[in-house]
Colleague: 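My questions all concern the structure below.
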Amino acid sequence: MSLDPYLPPDQRRLLYRFWESASGFWRGRSGGRAWLLAAAMVTTVLLQLWTQYRLNFWNRDFFDAVGRRDGLELWRQAQHFVPLAAASVLLAIVSVWARMTTQREWRRWLSGHLYDFWLGAGRYRRLRFMLGEHQTPEYRIAEDAKVATDVPVDLVVGLLSSVLNAITFIGVLWSVGGSLVIPALGTHVTIPGYLVLAVVGYSVLVTAAMMFIGRHLMRVLEECKRAEADLRAVGAHLRESGERPLRPDATQDGRGVIGDALAKVIAQWRALCWQLMRMTLVSQTNLLLTPVIGLLLCMPKYLVGLMSLGEAVQAAAAFTIVQGAFNWITDSYARLAEWRSSANRVASLLLVLDHVDRSE
């Protein structure tokens, strides 16, 4: 693999260079606090899973009481709901604190590391003589470093929560839904765990649709970031040259250059808008259909008395939770693309600064 910064680095090299620096937060003197915060996030996710599991069974008991018109049991279930709701709210608050504290500390560490590397040994002066992807380094440190540390925390916490939710509530779907017997060709066909098979099949369909529609999202986001950087670079160049003697047509030339850069930014944002509109079509349709599909799948057993009203509501809620867990990829696709774009830009700056040292 070539180390020449004049050649555009490939994706693997960029990611490796980014994590080589960014992972320093999880080592050394900051590592103890970092892993303590990580443990707090994992504990919160586990407690939230337990609370959601209990609320799922509360749904069953509450709607079974509704079906029986049992006022005393309804009052008892209302009392049970209060501590569960309070625990859910409290854990949500703690989750926000743990997640944002981790993001804040990681950003502070990485930004400090990048500022030290950029400003140290006069690299910021020599950087302008180097070719490569390093325009507006101050913006990359201020903004891209923020995105590059915020998004991984959100994605990892979301992935852990999704995996645990999927495992837990697939068990609920299997036990509550059971098997479905349908007549076919003069006989009866038994489909074991039909709700589990349905949610897996539906989730695969939604994920495939989102991946197909959003297959160009990462490239579009990277082009948007690059166009924004070019616009800032042109503006900075015009500002720096503002005190110099200008030719009579210099102002007009400058306006033309910055106008071209702005036109590219607007064009890229238009492309991003169309991309996100297509992805929103899939995600919003899925959001509306999932609970309805869950209930409809339970109706055949409910109507023949093989499933109570509470069990139907419980299974439909579990169906929605499992589908949401499987939907982590589609929900996170845009953020993953945003993170890769910002991480690439931080890594590009680091690679050029590396070459400044080697050339010296």
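Along the sequence shown, the residues carry numbers beginning at 1.
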Colleague: Any chance you could measure I321, atom CD1, to S161, atom OG, to the nearest 0.5 Å?
Modeller: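 Answer for the CD1-OG pair, I321 versus S161, is 10.0 Å.
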Colleague: Determine the minimum heavy-atom distance between F169 and V322, stating which atoms define it.
Modeller: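 Taking F169 first and V322 second, the nearest heavy atoms are CB-CG2, 3.5 Å.
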Colleague: Determine whether Q79 and L74 make a side-chain contact, defined as any pair of heavy atoms from C-beta on separated by less than 4.5 Å.
Modeller: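 The answer is no; the side chains never approach within 4.5 Å.
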Colleague: What do the steps show when you test V157 against V42 for side-chain contact (heavy atoms from CB on, under 4.5 Å), and what is the final call?
Modeller: CA-CA 8 Å; V157 171; V42 171; over 6 Å; no
Colleague: For residues F25 and L110, determine if any side-chain heavy atom of one lies less than 4.5 Å from a side-chain heavy atom of the other.
Modeller: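 Not in contact.
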Colleague: Report the relative orientation of the aromatic rings in W109 and H113; use parallel for angles under 30°, tilted for 30 to 60°, perpendicular for over 60°.
Modeller: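 Parallel, since the angle between the ring planes stays under 30°.
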Colleague: A347 and L14: which non-hydrogen atoms are nearest, and at how many Å?
Modeller: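 Closest heavy-atom pair between A347 and L14: CB-O, 3.1 Å.
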Colleague: Measure the spacing between CD of Q275 and CZ of R219 and express it to the nearest 0.5 Å.
Modeller: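 The CZ atom of R219 is 8.5 Å from CD of Q275, to the nearest 0.5 Å.
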Colleague: When hydrophobic residues are tied together by side-chain contacts of less than 4.5 Å, even through go-betweens, does V156 share a cluster with L164?
Modeller: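 In one cluster: no.
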Colleague: Drop me the distance from R104's CZ to D150's CG, to the nearest 0.5 angstrom.
Modeller: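 Taking CZ in R104 and CG in D150, the distance rounds to 11.0 Å.
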Colleague: If you count the non-hydrogen atoms of other residues, nucleotides and ligands that lie under 6.0 Å from CH2 in W75, is the total more than 12?
Modeller: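 No, the 6.0 Å shell around CH2 holds no more than 12 heavy atoms from other groups.
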Colleague: Is F57 atom CZ crowded by more than 12 heavy atoms from other residues, nucleotides or ligands, each under 6.0 Å away?
Modeller: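 Counting other residues, nucleotides and ligands, CZ of F57 exceeds 12 neighbours.
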Colleague: Hey, what do you get for CG (L159) to CG (D154), rounding to the nearest 0.5 Å?
Modeller: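 Between atom CG of L159 and atom CG of D154 there are 12.5 Å.
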Colleague: May I ask you to decide if R107's main-chain N or O and K146's side chain share a donor-acceptor pair within less than 3.5 Å?
Modeller: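 Not at all, since once roles are kept as given, no pair shorter than 3.5 Å links the two residues.
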Colleague: Would you please say whether a donor-acceptor pair under 3.5 Å links the side chains of S21 and R17?
Modeller: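 Present: a donor and an acceptor within the cut-off.
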Colleague: Are M307 and V181 in one and the same hydrophobic cluster, where Ile, Leu, Val, Met, Phe, Trp and Tyr link if side-chain heavy atoms are under 4.5 Å apart?
Modeller: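 Different hydrophobic clusters.
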Colleague: Side-chain atoms of residues 193-204: list all donor-acceptor pairs with protein atoms under 3.5 Å, sequence neighbours left out, distances to 0.1 Å.
Modeller:
unit_1: Y194; atom_1: OH; unit_2: L297; atom_2: O; d: 2.9
unit_1: Y202; atom_1: OH; unit_2: N286; atom_2: OD1; d: 2.9
unit_1: S203; atom_1: OG; unit_2: V199; atom_2: O; d: 2.7

Colleague: I'd like to check W328 versus L155 (side-chain heavy atoms, cut-off strictly below 4.5 Å). Are they in contact?
Modeller: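 Of all side-chain heavy-atom pairs linking L155 with W328, at least one is under 4.5 Å.
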Colleague: When you look at V153 and M41, which way does the side-chain contact (heavy atoms from CB on, under 4.5 Å) test go after all the steps?
Modeller: CA-CA 10 Å; V153 175; M41 287 189 291; 3.8 Å; yes
Colleague: Under a 3.5 Å distance rule, please check whether N344 uses its side chain to pair with a backbone N or O of R340 as donor and acceptor.
Modeller: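 Confirmed, N344 side chain pairs with R340 backbone.
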Colleague: Fit a plane to each ring of W106 and W26, take the angle between them on a 0 to 90° scale, and name the class: parallel (under 30°), tilted (30 to 60°) or perpendicular (over 60°).
Modeller: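 Perpendicular: the ring planes of W106 and W26 meet at over 60°.
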Colleague: I'd like to know if the side chain of T51 reaches the main chain of L47, judged simply by a donor and an acceptor atom lying under 3.5 Å from each other, with no hydrogens or angles considered.
Modeller: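 Yes: the side chain of T51 pairs with the backbone of L47.
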Colleague: Does atom CE of M100 have more than 12 heavy-atom neighbours, drawn from other residues, nucleotides or ligands, at distances under 6.0 Å?
Modeller: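 12 or below, so no.
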Colleague: Do we get R215 above F212's six-membered ring, with its NZ or CZ under 6.0 Å from the centre and within 45° of the axis?
Modeller: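 Yes, R215 sits over the ring of F212.
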Colleague: Heavy atoms only: give me the nearest V346-A145 pair and the separation to one decimal.
Modeller: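 In terms of heavy atoms, the two residues are closest at CG2-N, 4.0 Å.
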Colleague: If you measure only the distance, is there a donor-acceptor pair under 3.5 Å linking the side chains of W19 and S23?
Modeller: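 There is no such pair (donor and acceptor under 3.5 Å, judged by atom type) between the side chains of W19 and S23.
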Colleague: Closer than 4.0 angstrom, basic N to acidic O: yes or no for E73 and R76?
Modeller: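 R76 and E73: salt-bridged.
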Colleague: Closest heavy-atom contact between P192 and S179?
Modeller: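 Heavy-atom minimum between the residues: CA-OG, 3.4 Å.
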Colleague: Taking everything shown except Y53 itself, do over 12 heavy atoms lie less than 6.0 Å from its OH?
Modeller: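 At most 12 heavy atoms, drawn from other residues, nucleotides or ligands, come within 6.0 Å of this atom.
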Colleague: State which residues pass ring pair (Phe, Tyr, Trp, His ring centres under 6.0 Å) with F81; sequence neighbours excluded, sorted by chain then number.
Modeller: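 With neighbours one apart ignored, the set is W58.
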Colleague: Assigning hydrophobic clusters by single linkage (Ile, Leu, Val, Met, Phe, Trp, Tyr; side-chain heavy-atom cutoff under 4.5 Å), is I213 placed with M211?
Modeller: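 Yes, one cluster joins them.
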Colleague: Measure the spacing between CD1 of I93 and OG1 of T44 and express it to the nearest 0.5 Å.
Modeller: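 Going from CD1 on I93 over to OG1 on T44, the span is 12.0 Å.
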Colleague: Honestly curious: do L49 and L91 fall in one hydrophobic cluster under the side-chain, below-4.5 Å linking rule?
Modeller: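 No, L49 does not connect to L91 through the hydrophobic network.
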Colleague: Which heavy atom in A148 sits nearest to a heavy atom in S342, and how many Å separate them?
Modeller: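 The answer is N-CB, 4.3 Å.
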Colleague: Using 0.5 Å steps for rounding, measure from the CG atom of L72 to the CD atom of Q77.
Modeller: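 So the gap between those two atoms works out to 10.5 Å.
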Colleague: Quick check: does any side chain N or O of S332 sit under 3.5 Å from a backbone N or O of R335, one acting as donor and the other as acceptor?
Modeller: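 Not at all, since once roles are kept as given, no pair shorter than 3.5 Å links the two residues.
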Colleague: For residues W269 and E228, is any side-chain donor paired with an opposing acceptor at under 3.5 Å?
Modeller: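 The criterion, which ignores hydrogens and geometry beyond distance, is satisfied for E228 and W269.
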Colleague: Under 4.5 Å between any side-chain heavy atoms of I266 and R270, yes or no?
Modeller: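 Side-chain contact under 4.5 Å: yes.
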Colleague: Can you name the closest pair of heavy atoms from A325 and S162 and give their distance?
Modeller: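 Shortest heavy-atom contact: CB-O, 3.2 Å.
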Colleague: Are side-chain N/O atoms of S95 and R99 paired as donor and acceptor at under 3.5 Å?
Modeller: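 No, no side-chain donor-acceptor contact under 3.5 Å.
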Colleague: Under 4.5 Å between side-chain heavy atoms, counting indirect links through other Ile/Leu/Val/Met/Phe/Trp/Tyr residues: same cluster for V66 and L295 or not?
Modeller: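 V66 and L295: separate clusters.
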Colleague: Answer yes or no: does atom CZ of R54 have more than 12 heavy-atom neighbours from other residues, nucleotides or ligands under 6.0 Å?
Modeller: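 No, not enclosed.
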Colleague: Pairing donors with acceptors under 3.5 angstrom, does anything connect the side chains of Q314 and N59?
Modeller: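 On atom types as modelled, these side chains do not qualify, holding no pair under 3.5 Å.
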